[in-house]
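Sequence lines set the chain letters: A, B, ... in the order given, protein chains first and strands last, and positions in each chain run from 1. Atom set for the values below is all heavy atoms of this structure, side chains included, hydrogens, waters and symmetry mates excluded.
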Number of protein chains: 2
Amino acid sequence: MKLLACYLFQGLSPSQLERIAAITVEQQIEKGHWLFKEEQPATSVYLLKDGAIELVTLVEDAIEIPVSIIRPDNGCLGIGALVEPRLYSLSARCLQNSLVLRIEQSELHGLMQDDIEMHCTIMTNLAKKMLERLKETRQEVKIHFMNLVRSVTF
Amino acid sequence: MKLLACYLFQGLSPSQLERIAAITVEQQIEKGHWLFKEEQPATSVYLLKDGAIELVTLVEDAIEIPVSIIRPDNGCLGIGALVEPRLYSLSARCLQNSLVLRIEQSELHGLMQDDIEMHCTIMTNLAKKMLERLKETRQEVKIHFMNLVRSVTF
């Protein structure tokens, strides 16, 4: 997978992408294993090179709600690592044996400290994506709300 | 209200804040009036100096769902103006006669183009806030989900 396939890195120059590629580490994760858990300190961002990873959130520590499935062509995981308080906001479990590219937050932070244009581009991409996700999630709230209204009305 | 009261401008230097203050325009809005509507092109960000403004979203163009109430000490409005596709993601209506500080997106964009550190700080603040809002909104989805589970179970 190319780094550019991740929304975070859209708009970066070839040399900026090379510097990020140089700090990625390949990691194999077996089917059923957790890559990270919700509310844990977020130390890495991950790109998926092969396989499939499910993002879920827990309700009352018991029931899992699926949020999305990440495949090699649709995004990255662990973006909680990029902003304070640097906690994973969801849990990630491998649906298949997977190959990820791990980027240590501290190393990416170092690159961004040395290159404010890279920092600005990544943060702008992140803000844009978070606003999109927020709108999608509000849409889910609306659907639940309408179901509630209908169940009371009929 | 001081600009620093808005999360977007946290961490900016006094001279950066002065440059932003210089492009703000005071605007009176009467109780009941709409400051902007969901999905319209977002041309300005607003800070509330006095009054109260309600953020709502419409379901099926008919039912309003309240999202939050903005008061002079808790945030800003219209942050959809800061990222592509620059649309307001909610509608904003004055609950009381209000005084806002309007910041034209095009003027703020100009300041950020001239000062990449300002740009980077504002985008980092925005990304952090959007991730917080996303987590809060997922929490609402969880509550609806659990109500649904309970209504099926009992």
Side-chain angles (χ1 to χ4, degrees), chain A residues 8 10-11 38-39 42 55-60 62-67 79-90 112-113 115-152, chain B residues 8 10-11 38-39 42 55-60 62-67 79-90 112-113 115-152:
Chain A
L8 283 176
Q10 299 284 323
E38 197 169 342
E39 294 305 316
L55 289 170
V56 303
T57 184
L58 283 183
V59 181
E60 295 175 5
I63 302 168
E64 276 182 17
I65 304 183
V67 175
I79 48 80
L82 295 175
V83 288
E84 297 289 346
R86 303 196 198 285
L87 298 173
Y88 292 118
S89 65
L90 296 167
M112 293 193 296
Q113 289 297 104
D115 180 348
I116 193 162
E117 289 193 5
M118 177 196 286
H119 195 171
C120 193
T121 300
I122 291 175
M123 287 299 144
T124 303
N125 289 339
L126 180 62
K128 178 171 177 283
K129 181 59 78 172
M130 291 301 98
L131 186 55
E132 284 170 23
R133 291 261 168 86
L134 181 59
K135 285 167 85 168
E136 289 163 10
T137 309
R138 280 190 189 132
Q139 208 56 38
E140 281 184 58
V141 173
K142 283 186 189 183
I143 292 167
H144 282 293
F145 183 89
M146 284 313 291
N147 286 340
L148 196 68
V149 168
R150 287 196 187 100
S151 72
V152 171
Chain B
L8 283 177
Q10 299 285 322
E38 197 169 343
E39 294 304 315
L55 288 170
V56 303
T57 183
L58 283 184
V59 181
E60 295 175 4
I63 302 168
E64 276 181 18
I65 304 183
V67 175
I79 47 80
L82 295 175
V83 288
E84 297 291 345
R86 303 196 198 285
L87 297 174
Y88 293 118
S89 64
L90 297 167
M112 293 194 296
Q113 290 296 102
D115 180 348
I116 193 163
E117 289 194 3
M118 178 197 286
H119 195 171
C120 193
T121 300
I122 290 175
M123 286 299 143
T124 303
N125 290 339
L126 180 61
K128 179 171 178 282
K129 181 59 77 173
M130 290 302 98
L131 185 56
E132 283 169 24
R133 292 262 169 85
L134 181 59
K135 286 166 85 168
E136 288 162 12
T137 309
R138 281 191 188 133
Q139 208 56 39
E140 280 183 60
V141 174
K142 285 186 188 184
I143 292 166
H144 281 291
F145 184 88
M146 285 312 291
N147 287 340
L148 197 67
V149 169
R150 288 196 187 99
S151 72
V152 171

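Neither the backbone nor the side chain of Glu132(B) comes within contact range of chain A, judged by heavy atoms closer than 4.5 Å. Of the two parts of Leu82(B), neither the backbone nor the side chain holds a non-hydrogen atom closer than 4.5 Å to a non-hydrogen atom of chain A. Only the backbone of Leu58(B) comes within less than 4.5 Å of a heavy atom of chain A; no side-chain atom from C-beta onward does. Both the backbone and the side chain of Ile116(B) have a heavy atom closer than 4.5 Å to some heavy atom of chain A. At a 4.5 Å heavy-atom cutoff, the contact between Leu90(A) and chain B is made by side-chain atoms alone.
Note on Ile65(A), Thr121(A), Ile122(A), Leu126(A): by heavy-atom pairs under 4.5 Å with chain B, the leading option is Ile65(A). Counting heavy-atom pairs under 4.5 Å between each of Ala127(A), Gly80(A), Pro85(A) and chain B puts Ala127(A) at the top. Residue with the most contacts toward chain B among Lys128(A), Gln139(A), Arg133(A): Lys128(A) (heavy-atom pairs, distance under 4.5 Å). The choice from Arg138(B), Glu117(B), Lys135(B) that makes the most heavy-atom pairs within less than 4.5 Å of chain A is Arg138(B).
Counting all heavy atoms, side chain and backbone alike, Thr124(B) lies closest to Met123(A) at OG1-CG, 3.2 Å. The minimum heavy-atom distance linking Leu131(B) with Ile79(A) is given by the pair CD1-CD1, 4.1 Å.
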- Task: Tell me, with the steps shown, if Ile143(A) and His144(B) meet side-chain contact (heavy atoms from CB on, under 4.5 Å).
- Result: CA-CA 10 Å; Ile143(A) 292 167; His144(B) 281 291; over 6 Å; no
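Salt bridge present: Lys142(B) and Glu38(A) bring a charged side-chain N and a carboxylate O closer than 4.0 Å.
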